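Below, chains carry the letters A, B, ... as their sequence lines are ordered, and counting in each starts from 1. Worth saying up front: this structure is predicted, and the values here are computed from it rather than measured.
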2 protein chains.
Amino acid sequence: MTSNPIKNSVSNSTNSTKSNYHHGDLHQQLLNKATLMIEEGGIEGLSLRKLATRVGVSRTASYHYFKDKNDLLCAIAENGYKLRIKTALMNLNNDSLSAREQFHFFVHDYVRFAYENQELYELMFGRAIWKQQNSTQALRDVAYPCFQYQLELTKNWQQNGLIKSDENTLRLAQVIWGTVHGIAKLLIDGIYTHTSQVEEICDSAIALFTNMAPSDVVLKVDLDS
Amino acid sequence: MTSNPIKNSVSNSTNSTKSNYHHGDLHQQLLNKATLMIEEGGIEGLSLRKLATRVGVSRTASYHYFKDKNDLLCAIAENGYKLRIKTALMNLNNDSLSAREQFHFFVHDYVRFAYENQELYELMFGRAIWKQQNSTQALRDVAYPCFQYQLELTKNWQQNGLIKSDENTLRLAQVIWGTVHGIAKLLIDGIYTHTSQVEEICDSAIALFTNMAPSDVVLKVDLDS
DNA sequence: TTGTTAAACTTGACGCTGTCAAGTTGAAAG
DNA sequence: CTTTCAACTTGACAGCGTCAAGTTTAACAA
């Protein structure tokens with residue numbers, strides 16, 4: 001035996017001998033595979049049975065780590081919020097950015113995050129979790145600071161004279177969130193007819209909110225990473 | 001036999017004698033009952049089997065009028081668009097309205113329609129139908145004019161100097177739609193934490209787009225019907 | 001009046017789903 | 001070496017959408 005005994009016991013789901021008792025990182029494996037499956041086949045396409053088969057365990061194995069399907073979805077969304085906050089802080093908490101640049105980044109970055117993680121975004125901000133009080137406490141603890149952060153940003157944009165300062169900050173933040181959320185949803189749900197022009201739509205939104213001439217809006221910053 | 005023979009054959013789903021062959025308006029009955037069930041228990045809560053039971057027919061009876069579940073959902077959404085256009089035209093195509101009043105009405109009316117027909121709205125503008133090219137031709141024929149109408153309104157608001165006229169009309173219309181859609185979705189999906197202040201959020205959106213002082217925004221028009 | 005036809009509706013069956021209860025496995029602790 | 005208990009499996013159930021094949025019945029033709 002040269003290989004790690006734990007890893008060895010985990011591997012080989014096609015093994016015909018019945019040594020499939022994991023005793024390993026099944027929790028994490030389920031989460032990872034489920035996140036992957038969701039991005040591939042949508043939230044509706046994820047079934048606990050298919051997930052179990054793909055991870056190489058029996059159909060009800062996941063019930064030892066997640067109370068039910070909703071609990072698993074909440075855990076996936078939770079990771080999504082952590083990812084979102086991490087990337088947002090990385091892109092926006094840069095002192096060399098002007099308020100204008102920061103706002104521009106925020107809008108484009110928000111919509112891009114949603115587009116690049118369509119099913120994850122739907123899970124994070126969609127009806128499946130929030131509509132009928134389905135969210136777990138752990139999820140709420142990660143999700144709320146995410147909006148609080150957006151509120152902070154809005155306050156900053158107001159203080160820098162970028163957007164109307166004679167308007168309630170909370171309301172403004174809600175409107176701005178509504179706008180980027182709405183654009184993202186119309187985009188990823190396939191309702192906008194010309195999806196290639198989303199960047200332009202974002203720029204128009206920025207122009208409307210900041211009351212700048214259209215020519216001022218497009219920055220010379222390369223957004224491609 | 002005093003009653004209408006057709007109506008008679010339709011009625012009495014609890015009848016123990018096996019005279020449940022409808023030969024009536026089952027198509028319309030299915031549509032009506034399904035629309036009702038969706039608004040009660042959500043899109044996910046609607047099953048063809050429960051629908052059939054409630055209408056008083058066998059589980060597969062609906063397949064004679066709708067190709068599959070998706071086809072039924074499209075038909076319901078189609079009716080939703082017709083309702084939306086009817087109410088929008090009724091409320092907004094009033095010559096006595098100023099551009100400002102019309103814009104104010106549009107925003108509040110849009111969000112209210114979504115709120116009062118939550119599940120129908122989700123069906124009309126949600127992923128279930130649009131995401132994977134699931135829409136029927138009949139649905140598309142009703143849905144597209146709905147956005148065209150919003151484009152016309154936007155052009156009008158621009159011409160009346162209410163919103164920026166140096167911006168591409170199509171882009172502006174897409175942004176405005178995105179905003180009201182986003183506000184509506186965050187509201188009905190239960191993501192906004194204080195749902196009672198949606199009217200204020202709408203007013204803030206109006207203020208942002210029209211560049212008016214907040215005090216100018218709230219009109220003295222009673223929106224309650 | 002009787003026979004035919006075709007549309008309207010039903011029954012049976014299949015594979016899929018989430019989930020509960022009860023049984024099995026196997027590593028680790030005594 | 002035995003006990004214990006978490007980890008995992010198997011069996012079962014009700015529900016779902018949908019297809020194929022069968023039954024009912026209104027309407028029309030002879």
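Taking 3.5 Å as the limit, the base of D/dG15 and the side chain of B/Arg59 contain no donor-acceptor pair of atoms between them.
For B/Tyr115, the ring pair (Phe, Tyr, Trp, His ring centres under 6.0 Å) test picks out no residue, with sequence neighbours left out. In this structure, A/Arg59 has no salt bridge (Lys or Arg N to Asp or Glu O under 4.0 Å) partners at least two apart in sequence or on a different chain. Under the rule for a ring pair (Phe, Tyr, Trp, His ring centres under 6.0 Å), the partners of B/Phe125 that lie at least two apart in sequence or sit in another chain are B/Tyr81, B/Tyr121. The salt bridge (Lys or Arg N to Asp or Glu O under 4.0 Å) check on A/Lys82 picks up A/Glu78, with sequence neighbours excluded. Remark: A/Tyr149 engages A/Asn93 in a side chain to side chain donor-acceptor pair (under 3.5 Å) (not counting sequence neighbours).
Atom NE2 in B/His64 sits roughly 12 Å away from atom C1' in D/dC19 (whole-Å rounding). Separating the NZ atom of A/Lys69 from the P atom of D/dG15 is a distance of 18 Å, rounded to the nearest angstrom. Computed from coordinates, the A/His27 NE2 to D/dC8 P distance equals 12 Å when rounded to whole Å. Regarding B/Arg49, its CZ atom lies at a distance of 14 Å from the P atom of C/dC14, rounded to whole Å. Protein atom CZ of B/Phe66 is 15 Å distant from nucleotide atom C1' of C/dA8, rounded to whole Å. The separation between B/Gln29 atom CD and C/dC9 atom P is 9 Å, rounded to whole Å. A/Leu46 has its CG atom 12 Å from the C1' atom of C/dG18, to the nearest Å. Between A/Leu73 atom CG and C/dG18 atom C1' there is a gap of 12 Å when expressed in whole angstrom units.
Nearest to the side-chain atoms of B/Leu26 among the listed nucleotides D/dC8, C/dC9, C/dG18 stands C/dC9. Taking every side-chain heavy atom of B/Val57 into account, C/dT10 is the closest of D/dA12, C/dT10, D/dC8. Of the candidate nucleotides D/dG17, C/dG18, D/dC8, C/dG18 has the atom nearest to the side chain of A/Tyr63.
Residue-to-nucleotide proximity on DNA chain C shows that, of A/Gly45 and A/Thr60, the 5′-proximal contact is made by A/Gly45.
Remark: B/Lys50 does not engage B/Glu40 in a salt bridge, criterion side-chain N to carboxylate O under 4.0 Å.
Residue-level contact check: B/Lys67 touches neither bases nor backbone, having no heavy atom under 4.0 Å from any strand.
At its two ends the helix from C/dT1-D/dA30 to C/dG30-D/dC1 runs along axes set 20° apart, each axis drawn from five pairs and the angle rounded to 10°.
Side-chain nitrogen and oxygen atoms of A/Ser47 include at least one within less than 4.0 Å of the OP1 or OP2 phosphate oxygen of C/dT17. Listed pair B/Tyr65 / C/dC9 meets the phosphate criterion, a side-chain N or O lying under 4.0 Å from OP1 or OP2.
To the nearest 0.5 angstrom, B/Thr193 atom OG1 is 13.0 Å from A/Arg140 atom CZ.
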